[in-house]
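Below, chains carry the letters A, B, ... as their sequence lines are ordered, and counting in each starts from 1.
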Amino acid sequence: MKKSVLFFVFVVFAMVLASCNGAAPAGGEPEVCASDEFGCAKIPAGQTVKIGMGAPLTGDYASFGVDISQGAAVAVKDAGTVEGFAFELVAQDTQGAPEGGAAVANKLATDPTVVAIAGHIFSGSTEAAIPVYDKAGIPMMSPSATNPPLTTLGSKVFNRVAFTDAVQGKFAADYLYSKLGFRKIAVLHDGGAYGQGLADVVRDEFTKLGGEVVGYEAVTPGETDYTATLSALAASSPEAVYFGGYVAEGVVLTNNMKQSGLENAVFFGCDGTFGTEFVEKTGANGEGAYAASLIPPESAEKAKFDADYLAAYGVGAGTLSPYTWSGYDSAAVLMAKVKEVAVLGSDGTLYVPRGALVAAVRGTQGFSSITGDITCDAVGECNTAGPTFYIVKGGDWAQAEQ
Amino acid sequence: MKTVLEARQVSKIFGGLVAVNKVDLVVPEGAIASIIGPNGAGKTTLFNCISGFYTPELGDVLFNGRKIQGMLTDKVAAMGIARTYQNIRLFKNMSAVENVMVGFEPHLKHGWMKAMLKTPDYQKEQKHIINEASRLLHYVGLAGLGDNLALNLPYGAQRRLEIARALANQPKLLLLDEPTAGMNPQETDAMKDFIRHIRDDLEITIILIEHDMRVVMNISDQISVLDYGQKIAEGNPKEIQANPRVIEAYLGPGAAALSEKYRREKTHDA
Amino acid sequence: MMLEVENLNVHYGAIHALKGISFHLEEGEIVALIGANGAGKSTTLNTISRLNKPTTGDIRYKGESIVETPPQDIVTRGIVQVPEGRRIFPKMSVVENLEMGAYIYSDRQRIEADIEMVFGKFPRLQERRKQLGGTLSGGEQQMLAIARGLMARPQLLLLDEPSMGLAPIIVEQIFDIIREINQQGTSILLVEQNAQMALSIADRGYVFETGKIVLEGDAGDLLEDPMVKEAYLGGG
Amino acid sequence: MEALRKKFSLTLPQNSIRIIRIIAALLLLALIIVRAMDVAAKSQFGADTWLRLSVSGLIIGGMYALIAIGYTLVYGILFMINFAHGEVMMIGTFGGYFVFEAFNAIQVSGADGSQLSFLNAYPVIAILLAFLAGMTIAALSGLFLEKIAYRPLRGAPRLVPLISAIGASIFLQNAGQLLFGPQRRQYINPVVLDRGIGWNLEVAGSTVVLTYTGIFSLILSAILMVGLYLLVQRTKLGRAMRAVAQDKKTAALMGINVDQIISRTFVISGALAGAAGVMWGIHNGLFNYFVGFLPGIKAFTAAVLGGIGNIPGAMLGGMFLGIVESVGPAVLGIDFQLKDVLAFTILILVLIFRPSGILGEALTEEKV
Amino acid sequence: MNKQSIQKSAASGLVFGIIVIFFALIGFTVVFSGLIQKALGQSLGVGQIPSISSFLIFLGLLGIWNGWRASRQDKHETLSVKKVLGRSAIAGLVAGVLVMVYALIVGALNNSGINLRTYLSQLSSESVRFFLFNQTIVVGGLIHVFYSTLMAVIGGFLAVASERSRERVKSTRESIQKWSQDRWLGKLQGNPYVSYVLMGVVLLLLVLLPRTWGAYWNYVMGTVGIYVLLGLGLNIIVGLSGQLVLGYVAFFAIGAYTFALTTSPEPHNLVWNFWIALGVAVLAAALSGILIGLPIMRLRGDYLAIVTLGFGEIIRILLRSDILKDFTMGPRGVRNIAGPTLFGRSFTTDVDFMYLIILAVLLSIFLARRWQESSIGRAWLAISQDETVAQATGVDTQKYKLLALSLGAAFAGLGGALFASRNQFTGPEDHALMVSINVLVLVIVGGMGSIPGVVLGAFALKGLPEILRELESYRLLVFGALLVVMMIIRPEGLWPARRPKLEVPVEQDHEPVPLPATAGGEK
């Protein structure tokens with residue numbers, strides 16, 4: 001009996017505590033808020049304008065989340081202020097899973113000072129989050145969610161700077177067939193939504209072009225020895241191995257190819273395997289490997305960012321994941337758009353009309369940043385230009401013949 | 001007299017070691033039959049063959065004329081063979097009365113659906129077994145201790161609770177494995193009387209493994225002696241006590257004589 | 001004075017298992033602790049071996065307190081317990097079991113000699129020296145347990161229920177051996193339920209009841225004591 | 001008391017279950033053989049591929065075996081699954097890594113007067129020290145793990161230490177991430193152990209490379225396993241460990257310091273996991289704080305497969321699992337993606353027919 | 001002061017020194033100081049290093065604890081100021097010197113321009129300077145020694161003070177307890193209506209709260225609710241019937257996927273009614289429980305654990321595999337999963353869904369209690385405590401174990417279906433091994449076999465990490481540590497199960513008492 005009393009008290013207490021999340025109403029709203037579809041985000045004086053991000057900060061894919069959020073944090077530093085209000089990046093941990101994505105989305109959507117989301121990272125987590133932001137009217141700009149159907153869900157708020165797997169896969173298949181003249185390739189992926197999506201497109205497109213896909217396999221991410229899988233592929237002697245997945249597995253595959261009878265096949269990666277980490281960790285084995293990227297070779301912006309990033313975090317941009325620059329860009333676009341639509345109210349509160357922001361982000365045209373000009377189309381694909389292909393030459397990435 | 005249990009040429013082998021070697025055993029209805037023998041002679045293994053823990057490699061075990069070897073122990077229990085254990089094995093974290101209630105399990109009619117719906121006949125049955133379990137506790141002398149966890153009961157009470165649980169099976173044959181182990185002479189005497197009482201009162205046939213010769217010789221109708229897995233003698237207490245093979249292999253000169261010997265030595269030393 | 005136990009109290013959680021017991025043992029004696037199951041006899045032995053920690057009270061061995069001594073050092077000092085239920089290592093051979101008994105020593109030659117010595121005492125064990133402990137019969141296991149205890153060269157041997165579960169004829173052999181060990185100079189503290197046997201070979205005895213010593217005295221006197229007779233010797 | 005009887009019983013008698021089981025096993029075996037013969041008939045893979053697959057399986061199997069021994073040792077003595085054992089291996093991997101990094105940074109002049117890193121000038125010393133460091137630090141972490149997370153739980157119900165171990169595993173993983181960062185690092189091997197080079201064998205018209213790192217790992221794990229076996233069987237410490245595993249109370253009565261022996265068991269199992277970790281790094285190169293998770297689960301599986309608590313069983317289980325993972329999918333002609341499915345299926349089948357693993361003692365009813 | 005006492009104090013100092021160094025290495029010093037600063041109401045920008053004063057508070061707390069621990073070496077002795085002074089000073093000094101040595105090394109390396117972050121990712125130049133209080137390394141190190149000693153001594157004094165007032169605290173507590181017992185608690189406890197009133201209040205809150213506390217808490221509490229469902233199911237399997245199942249997620253996945261595939265337009269375009277699909281999902285999970293259970297009935301303990309873990313992994317790998325891609329959508333997962341509808345109206349807002357989950361939880365608690373308290377629950381418990389004996393006592397163990405598996409699986413199926421429906425998406429990564437482990441942990445943390453324990457455990461396990469979100473990337477570290485600590489201080493769980501009182505008195509004239517009701521001593 002005594003225990004059950006305690007129990008009820010606990011339940012009640014927990015719930016009451018949880019419900020203490022009221023927001024105070026404010027006066028002095030500008031007119032635009034009343035007419036806006038989603039109303040305004042109100043940021044009281046002294047607070048910051050928050051850019052949210054759902055990213056895997058712990059768990060197996062933590063390096064992606066940490067890296068992209070750090071890239072975005074640099075953007076926040078660079079962005080300056082809007083009407084005297086500072087920006088703040090709120091990166092929440094999704095562990096890369098859909099469940100975490102939905103939790104974070106709900107958490108961020110409840111915070112009235114979160115105006116936009118530079119994310120999420122990974123398609124599953126993003127997909128779970130989109131309905132939540134759709135309801136709340138918070139625009140998203142994902143640096144790395146590349147699964148093609150995400151933009152076909154009819155969401156108003158979802159946009160991405162990453163190009164879709166469909167676009168990249170088509171270009172890659174074409175490059176393999178026409179440019180490099182391969183007729184027999186093997187296709188590998190890491191069993192994830194991103195990798196498998198790419199691999200499927202490449203397989204289908206390559207076959208369509210008249211080539212032969214002699215092997216199609218998946219590897220288990222996180223392992224460090226794929227010689228068995230590769231040895232089996234080697235039996236059908238492909239000229240190239242296309243891999244859809246991330247750099248960690250890409251490195252292992254490239255290294256293992258030399259011991260598995262695939263020493264003469266070319267490793268052809270994707271934007272997930274691009275980055276300095278690949279070159280560093282494959283060494284001589286990586287020579288001649290291909291990858292795709294949305295990053296233009298060199299630019300003043302990129303050089304500045306790389307320096308800033310190195311200074312702030314002690315590791316080079318692109319070492320933790322290939323999406324550092326996208327992380328910067330997605331946050332930068334969003335903050336630029338916030339600056340466009342935000343209105344300072346008469347009461348000193350900053351008002352950000354949410355509907356207008358959603359429209360402004362979708363309407364981005366020619367925003368110039370590290371990854372080039374960002375122009376969003378009607379469904380939110382903000383990078384429809386094809387990828388740039390790179391090849392490892394002399395221990396560094398060099399632009400391949402286009 | 002009707003035979004309740006019959007073992008024919010039962011053998012049990014553990015990886016080369018013949019633990020029970022072609023043992024025959026016939027127990028008539030209403031008897032108290034004891035199995036004695038040195039440690040490791042195969043007594044408990046024979047018990048395990050009867051109660052279904054082991055399937056004998058050779059031979060048959062018949063209960064009321066039906067072959068029971070190879071049957072799962074719960075089916076054996078449902079047929080009417082209940083047992084206790086040498087080292088007490090109760091459901092330690094359940095209350096005493098619940099331990100007994102588990103014993104009614106083979107005779108319950110109502111399943112999980114009725115339990116979920118709490119149908120009247122389910123409730124009636126539950127009420128009935130609670131009452132019966134309390135009555136059984138009372139019967140073995142544990143009245144009022146039913147809500148204690150089994151592990152909190154004193155040693156002697158645990159032995160009795162084990163018997164109560166076995167009786168809840170409503171057995172026709174009760175196998176008791178060293179029921180007086182670890183008891184002092186008073187308790188042993190009480191247990192001896194109780195065993196006889198169960199037999200007379202509930203008309204249950206009893207097979208007993210026991211080391212205490214005072215108990216065995218006092219209450220047994222029939223004694224079988226095992227040594228190295230083989231039955232070396234069988235008969236009533238008098239015959240057994242006089243059997244030279246038994247004395248040589250098992251009984252020895254007897255405790256009183258031994259005690260006398262040591263005392264003589266002691267006085268001699270002194 | 002070999003062993004003095006003074007006002008020993010032991011608790012298991014909420015249970016007060018030993019309620020201030022005191023007794024002693026002179027060098028060369030056999031002292032029997034008798035009483036019903038659960039009276040606290042085994043607890044006493046385990047507390048001397050320091051498997052339990054007493055709440056209060058003192059245990060002195062050759063005049064020195066050993067209450068704070070860790071169990072392995074108790075063995076080193078010469079107090080060796082042969083536990084209840086034999087508890088030999090079932091997956092070790094007879095010889096390995098004996099070697100475990102001599103764990104505290106590292107002088108190989110002496111250990112070999114000791115093994116031969118106990119084999120002399122227990123010829124049955126020598127026959128089965130390669131056999132795994134778990135496959136021995138009950139009587140053989142008890143012999144092995146005692147032999148293993150001897151391997152530690154005890155000055156004080158604590159025997160916990162050596163007759164338990166053994167055939168009467170084996171019990172006789174075991175008690176013969178106990179006597180022999182004692183005559184060769186080892187003091188013995190004997191815990192037994194078989195009060196008659198225990199008191200027969202003991203010099204003195206203590207009677208335990210629910211954690212207390214209710215009676216003590218010369219073994220012969222106890223055997224004749226009407227209360228003991230009634231409670232532990234079964235009247236007749 | 002009325003006797004109420006159950007009228008129906010769906011359960012089959014024991015004998016028929018046994019027969020069904022045997023028939024099922026035979027059918028399954030036949031299926032596997034037919035399938036394998038089918039694959040072989042198509043001769044998709046040449047002898048070179050088979051050799052590559054088996055070597056890769058043996059190497060990984062050796063590492064699994066080393067880690068599995070750690071699970072088995074601890075299980076044998078405390079009857080608990082040391083869920084954090086994979087993390088102990090991770091710590092070992094880092095230990096070896098830092099030694100290589102440090103030696104790589106030190107420059108010495110070589111025999112011909114050229115500047116060399118210490119790592120390449122004295123590779124044997126560097127490798128020895130890397131293993132020493134990896135094993136020591138892993139052993140220490142095993143020791144602390146036992147002291148902090150398990151010792152206070154001696155005597156608690158069986159699942160409690162398991163949860164504590166899970167907690168410790170989560171803690172160590174995240175501590176690893178926070179300390180060393182989430183990025184993958186790469187072992188800088190001495191040139192003699194370059195991951196790309198090895199003996200070249202000509203098999204069926206193509207070259208099969210037996211990498212030095214792989215052969216080195218395989219030999220080293222074999223040596224360590226033999227060493228451990230001798231330790232457990234022949235030495236006093238080994239005897240004490242077995243005694244404690246069989247009966248703690250009696251072991252204490254023999255004058256064995258039980259706590260100390262348990263600690264040492266954790267030290268030994270930690271050291272083996274540490275060695276496996278360093279090997280992992282040397283052979284596979286890449287690792288981060290998460291490196292212990294998958295091998296941990298696999299090795300646990302291997303330990304159970306061989307019969308948990310049984311040291312030769314752990315070795316056998318580890319090797320077996322490694323081989324199944326790399327050769328199995330090829331034999332059956334299924335996707336390599338499903339190699340874990342295959343591994344677990346085999347585990348399940350083995351346990352259905354031998355409920356206590358390949359070498360585990362037959363699970364007879366405990367003496368009743 | 002004797003040698004032993006000095007040793008113990010030094011050991012305490014050593015431990016705390018190591019803790020401080022560890023905190024510094026993982027960057028916890030910075031983060032926790034930041035939290036303190038925020039708790040004190042001062043703002044702190046992202047990436048900004050907190051103030052030195054908050055760091056001092058953080059160090060101070062650790063130092064005081066160190067001194068406290070070092071002082072109280074033996075439960076039974078009474079402390080004196082003299083004793084305490086020596087002990088705590090030694091402990092503080094040892095810890096301080098250790099930290100100083102660390103600070104000197106790190107500081108010197110940092111000053112020499114080596115980028116420590118290459119190897120230790122949290123040791124940025126700022127954080128090292130912060131650790132040295134923005135002083136030079138020598139001064140910073142000395143401050144550490146001095147401060148650590150000072151705080152430890154304070155901790156020692158606090159220990160004395162608390163001991164001296166312990167008696168008073170105890171008597172006050174007792175009198176308050178007595179008073180409340182006499183005055184109202186006692187009366188309330190006797191009152192049968194109290195529980196009804198409380199029940200009413202809880203129900204009222206359950207009705208009101210989802211409306212008021214917003215989408216985020218609806219989401220978090222919804223997850224907690226789903227984990228309560230999972231916990232109830234696993235509690236039947238592990239807590240009651242004693243089968244250690246580590247692959248519980250398999251049933252969760254089967255429920256979720258069955259529901260998803262039958263309601264989603266892709267890939268099969270079976271857009272079934274929500275409720276039918278829900279029922280099918282539950283049935284499918286229950287059936288899978290039986291199918292998985294049948295071949296492994298003979299396995300026990302850890303063998304069962306690993307086999308079921310294998311089942312879980314097999315299911316997950318198959319779900320994401322290429323061969324089943326056309327059937328399950330592979331790694332991409334199933335999207336556009338239906339929400340609940342009733343009479344043609346759809347109820348998909350977070351509030352509606354919260355109500356649905358609350359209903360499901362209440363229903364499940366009700367059912368689980370029914371089973372647990374029935375003869376079925378008794379049979380399960382008997383099996384969990386001694387399977388061999390239970391069977392020999394006539395319990396059909398195979399039947400009951402299968403029943404437990406399938407009922408437990410049914411709860412998981414329900415949870416999975418609700419989970420998929422709420423997220424409108426489910427993918428293979430939702431069904432990883434960690435789910436099984438989390439559910440097992442919540443069952444044991446709550447208290448095995450206890451239904452309120454499951455509820456508490458779910459709050460602790462799924463609620464706590466959300467609350468710990470403030471700790472950012474440290475939350476799982478803290479969570480892991482809490483799990484260990486919890487098991488050490490409360491191994492029986494937060495709310496251990498109790499056995500019901502059942503025995504009914506028997507009329508004395510019924511049977512003679514054949515045995516004297518004596519008890520042969522105690523254990």
Side-chain angles (χ1 to χ4, degrees), chain A residues 56-67 188-191 196 215-237 246-252 255-263 277 280-285 313-316 319-321, chain D residues 43-46 48-57 59-60 63 170 173-174 177-178 181-186 194-198 206-211 213-214 280-281 283-291 293-295 298 322 325-330 333 335-340:
Chain A
L57 298 175
T58 60
D60 206 1
Y61 292 107
S63 68
F64 286 87
V66 170
D67 187 45
L188 271 172
H189 65 83
D190 66 351
Q196 196 205 36
Y216 183 87
E217 276 279 5
V219 295
T220 313
E223 290 188 355
T224 39
D225 180 11
Y226 297 127
T227 46
T229 315
L230 289 169
S231 300
L233 280 183
S236 46
S237 46
Y246 297 108
V247 70
E249 287 74 30
V251 168
V252 179
N255 286 333
N256 284 350
M257 272 168 71
K258 303 292 176 237
Q259 310 155 12
S260 316
L262 282 169
E263 51 276 350
E277 186 181 357
E280 269 171 24
K281 295 187 175 157
T282 52
N285 295 335
Y313 303 108
V315 285
T319 8
L320 295 181
S321 84
Chain D
S43 67
Q44 194 184 351
F45 303 121
D48 54 329
T49 309
W50 290 118
L51 182 64
R52 283 194 193 106
L53 292 178
S54 340
V55 169
S56 136
I59 294 166
I60 192 119
M63 297 183 207
I170 295 175
Q173 235 177 56
N174 283 278
Q177 185 199 334
L178 290 163
Q183 69 268 35
R184 283 177 199 249
R185 293 163 183 272
Q186 190 164 31
D194 190 288
R195 269 178 289 276
I197 56 168
S206 76
T207 315
V208 176
V209 187
L210 300 180
T211 54
T213 55
W280 193 276
H283 180 59
N284 294 324
L286 286 188
F287 73 103
N288 66 354
Y289 66 94
F290 212 65
V291 67
F293 184 76
L294 274 174
K298 292 284 175 58
E325 277 191 357
S326 58
V327 183
D335 282 1
F336 269 86
Q337 191 185 19
L338 301 180
K339 69 186 166 71
D340 290 350

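Contact of A/E280 with chain D is made through the backbone alone, with heavy-atom distances under 4.5 Å. For chain D, no part of A/V219 is nearby; none of its heavy atoms comes within less than 4.5 Å. For a residue to count as touching a neighbouring chain, one of its non-hydrogen atoms must lie under 4.5 Å from one of that chain's; by this rule D/Q186 touches chain A with backbone and side chain alike. Both the backbone and the side chain of D/L286 come within contact range of chain A, each with at least one heavy atom under 4.5 Å from a heavy atom of that chain. Only the backbone of A/P221 comes within contact range of chain D, with at least one heavy atom under 4.5 Å from a heavy atom of that chain. Using a 4.5 Å cut-off between heavy atoms, D/N174 touches chain A through its side chain atoms alone. With a 4.5 angstrom heavy-atom cutoff, D/F293 does not touch chain A via any of its atoms. For A/T229, the parts lying under 4.5 angstrom from a heavy atom of chain D are both the backbone and the side chain. With a 4.5 angstrom heavy-atom cutoff, A/Q259 touches chain D via backbone and side-chain atoms both. With a 4.5 angstrom heavy-atom cutoff, A/V247 does not touch chain D via any of its atoms.
In this structure, D/F336 CZ and A/S231 OG are separated by 7.5 Å, a value rounded to the nearest 0.5 Å. Between the OG1 atom of A/T227 and the NE2 atom of D/H283 there is a distance of 6.0 Å, given to the nearest 0.5 Å. Taken from NZ in D/K298 to CD in A/E223, the straight-line distance is 4.5 Å, to the nearest 0.5 Å. From A/N255, atom CG reaches atom CG of D/N284 across 10.0 Å, with rounding to the nearest 0.5 Å. In this structure, A/D225 CG and D/W280 CH2 are separated by 7.5 Å, a value rounded to the nearest 0.5 Å. Separating the OG atom in A/S260 from the CG atom in D/D48 is a distance of 11.5 Å, to the nearest 0.5 Å.
When all heavy atoms of D/R52 and A/G261 are compared, the closest pair comes out as NH2-CA, 3.4 Å. D/R184 and A/A248 get closest at one heavy-atom pair: NE-CB, 3.0 Å. In plain terms, the two heavy atoms of D/T49 and A/A235 that are nearest each other are OG1-CB, 4.1 Å. Residues D/L53 and A/A228 approach most closely at CD2-O, 3.3 Å, considering heavy atoms.
Remark: D/F287 engages D/F94, D/Y97, D/Y187 in a ring pair (Phe, Tyr, Trp, His ring centres under 6.0 Å) (not counting sequence neighbours). By the salt bridge (charged side-chain N to carboxylate O under 4.0 Å, His left out) test, A/E249 is found to be paired with no residue, residues two or more places apart in sequence or in another chain being considered.
The most heavy-atom pairs under 4.5 Å with chain D, out of A/E217, A/K258, A/E263, come from A/E217.
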